[in-house]
Enquirer: 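Below is a structure I'd like to ask you about.
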Amino acid sequence: MTHWFHRNPLKATAPVSFNLYGVASSPAANKICNDLRTTRARLLDMFTDTTCTPEIMKKSSDEYFALLQGFILPLDGTTQENKLRFIQNFRWTDTLQGNMASAQQDAVFELVSMAFNVAIWYTKFASRLETHIPRLITPAEKGRDLEPRVIDTYIVQSQAEAQEVAIARAIELKHNVSLIAALSFETANFYQKADHTLNTLDPECSSKWKKYLQLKQHFYMAYAHCYHGQTILAGDKCGEAIRSLQEAEKFYSRAEALCKEYRQMKGPGSTAKPSEQLFFKKLGTFIKNTLEKCQRENSFIYFHKVPAEAPALELKASYGLAEPSSFELPPLSAQCTPEVYASFDLTKGPKEDKAKAKHDEEIKPVKEADLKPQKDTGCVVS
């Protein structure tokens, strides 16, 4: 994870006790509060548990979200706002803003913040997170995780990284070079789009992330020109093939330079080391060898003039494009019945939580494990 892909840190959060003594006036209501506390703590543990599988993560998040919706969905047979929505305070950090937390007394804020962390863990689900964000009473501040530019960048980066897996697989299975060129070109465009989405964000928190997106864009442009050159060569256009490979060489050199700049930058998130990976190094060797081969053949066979401009990349992949999976919240917990809902008495008011953190205190960052890659075949990218 820290070797090929750049990862911004997970969001951190303050503990939540759900101690609604007085308000929770029945055993069933108290049980919901206790279960919310334990399922939340268990889900947070899963983010840093190296043995956690997608199945375990889904089970843990479903258990918590099913209960949390009892504080969000109307349960009294009306369309009125759930009376429990604003009873508990929640504090979360943002992936680009360090350890200072944002606080909102709103269960929807908790839902979208926790779902954001689940989406980082399940990057393929990131494109389905925006449904609940418009419901927030307090709009997201600029540069915060729930702000549209940050959300959109995560979505596009997720698509690009999923696409990388498709490219690695296509290379490993020796698919048609024109397909690999098209997939690479579309992946480079994804990274460019993600980079441009961050253009108006504060450079102090986004520069490192942008540099990563730029190096990945140049790397996959190098791939696109390299494999497009092979496609052209198959049509006996050796001069154009040479020019396309020269363009690949240019983009690869720029990607190498961007890797060095990225490693030297300070900012949120882990520092990936793509230029040290075999998948990266193999492309440089492949471009060099293929270009030399084309130049030899042109000297002995074709005698074609090398054009001044590189052949245009007007490529569209016919298949192999990554599609995001849909994400749905679990059904409301069976514990959250209208009868139990009625037993929460807001006139009593919850007691002050003595362990409640001060509003302006920092929250400790989530300590994530540095998972070492199991093998490096040159095509495995995660």
Side-chain angles (χ1 to χ4, degrees), residues 11 13-47 52 54-92 102-119 121-122 125 128-138 146 325-353 355-356:
K11 295 168 72 67
T13 181
V16 179
S17 66
F18 291 100
N19 288 334
L20 303 183
Y21 303 125
V23 173
S25 60
S26 71
N30 276 315
K31 185 176 188 309
I32 285 176
C33 293
N34 290 334
D35 289 350
L36 276 166
R37 181 173 62 254
T38 56
T39 55
R40 186 182 197 266
R42 188 183 306 124
L43 176 54
L44 291 174
D45 286 342
M46 290 303 101
F47 291 134
C52 181
E55 293 74 23
I56 294 172
M57 176 58 73
K58 177 164 174 50
K59 182 176 183 294
S60 297
S61 58
D62 280 358
E63 287 174 350
Y64 180 57
F65 289 149
L67 287 165
L68 185 63
Q69 288 182 93
F71 281 35
I72 298 172
L73 300 177
L75 299 177
D76 56 0
T78 71
T79 57
Q80 297 291 320
E81 196 73 72
N82 188 306
K83 66 184 180 182
L84 302 174
R85 175 177 170 180
F86 306 109
I87 199 168
Q88 178 69 59
N89 192 56
F90 300 95
R91 298 175 67 237
W92 284 90
S102 300
Q104 290 192 37
Q105 196 151 323
D106 187 350
V108 172
F109 176 66
E110 167 72 357
L111 175 68
V112 295
S113 297
M114 187 69 82
F116 192 98
N117 254 14
V118 174
W121 204 90
Y122 281 127
F125 290 153
R128 294 293 182 248
L129 277 184
E130 292 189 73
T131 309
H132 289 273
I133 292 174
R135 294 191 61 194
L136 288 171
I137 301 299
T138 305
L146 305 181
S325 302
S326 61
F327 171 74
E328 295 179 1
L329 288 168
L332 179 69
S333 170
Q335 293 176 244
C336 302
T337 64
E339 293 73 25
V340 175
Y341 178 71
S343 72
F344 283 94
D345 186 357
L346 297 191
T347 63
K348 301 293 178 63
K351 294 180 181 178
E352 280 294 319
D353 187 353
K356 184 178 175 182

Enquirer: Under the side-chain hydrogen bond (donor to acceptor under 3.5 Å, both in side chains) rule, collect the residues that match up with Asp35, sequence neighbours excluded.
Expert: Lys31, Gln335
Enquirer: Who passes side-chain hydrogen bond (donor to acceptor under 3.5 Å, both in side chains) against Thr39, sequence neighbours left out?
Expert: none
Enquirer: Looking at side-chain heavy atoms only, is the closest gap between Glu110 and Tyr64 below 4.5 Å?
Expert: yes
Enquirer: Taking only residues two or more places apart in sequence, or in another chain, which ones meet Lys83 in a side-chain contact (heavy atoms from CB on, under 4.5 Å)?
Expert: Tyr341, Phe344, Leu346
Enquirer: Which atoms form the tightest heavy-atom contact between Phe90 and Phe109, and what is the distance?
Expert: O-CE2, 3.7 Å
Enquirer: Closer than 4.0 angstrom, basic N to acidic O: yes or no for Glu55 and Lys59?
Expert: no
Enquirer: Could you give me the CA-CA distance, side-chain angles and deciding distance for Lys348 and Tyr21, then say whether side chain to side chain contact (heavy atoms under 4.5 Å, CB included) is met?
Expert: CA-CA 9 Å; Lys348 301 293 178 63; Tyr21 303 125; over 6 Å; no
Enquirer: Nearest heavy-atom pair of Leu67 and Cys336: which atoms, and what distance?
Expert: O-SG, 4.0 Å
Enquirer: If you compare all heavy atoms of Val23 against all heavy atoms of Ile87, which two are closest, and at what distance to 0.1 Å?
Expert: CG1-CD1, 3.8 Å
Enquirer: Return each pair, listed once, that meets salt bridge (charged side-chain N to carboxylate O under 4.0 Å, His left out) where at least one residue sits in residues 326-343; pairs must be two or more places apart or across chains.
Expert: none
Enquirer: For residues 70-80, please give each side-chain donor-acceptor pair under 3.5 Å, one per line with the distance, not counting sequence neighbours.
Expert:
residue	atom	partner	partner atom	Å
Asp76	OD1	Thr78	N	3.2
Asp76	OD1	Thr78	OG1	2.8
Asp76	OD2	Thr78	OG1	3.4
Thr78	OG1	Gln80	N	3.1

Enquirer: Could you pull out all residues at least two apart from Thr138 that satisfy side-chain contact (heavy atoms from CB on, under 4.5 Å)?
Expert: Gln104
Enquirer: How many angstroms lie between CG in Asp45 and CD1 in Ile56, if you round to the nearest 0.5 Å?
Expert: 12.5 Å
Enquirer: Has Asp106 got a side-chain atom pairing as donor or acceptor with Val108's backbone, closer than 3.5 angstrom?
Expert: yes
Enquirer: Can you list everything that forms a side-chain contact (heavy atoms from CB on, under 4.5 Å) with Ser61? Sequence neighbours excluded, please.
Expert: Leu43, Phe65, Val118
Enquirer: Sequence neighbours excluded, which residues qualify as side-chain hydrogen bond (donor to acceptor under 3.5 Å, both in side chains) partners of Asp62?
Expert: Lys58
Enquirer: Is a side-chain donor or acceptor of Ser25 paired with a backbone partner of Ser343 at a separation under 3.5 angstrom?
Expert: yes
Enquirer: To the nearest 0.5 Å, how far apart are CG in Asn34 and CG in Asn19?
Expert: 8.0 Å
Enquirer: What I'd like to find out is whether the side chain of Asn82 reaches to under 4.5 Å of the side chain of Gln69, using heavy atoms alone.
Expert: no
Enquirer: Ignoring hydrogens, what is the shortest heavy-atom contact between Leu146 and Ser113? Give both atom names and the distance.
Expert: CD1-OG, 4.4 Å
Enquirer: Quick one: list whatever passes side-chain contact (heavy atoms from CB on, under 4.5 Å) with Ala342, sequence neighbours left out.
Expert: none
Enquirer: Taking only residues two or more places apart in sequence or in another chain, which ones pass salt bridge (Lys or Arg N to Asp or Glu O under 4.0 Å) with Arg37?
Expert: none
Enquirer: In chain order, what residues pass the side-chain hydrogen bond (donor to acceptor under 3.5 Å, both in side chains) check against Thr13, with sequence neighbours excluded?
Expert: Arg40
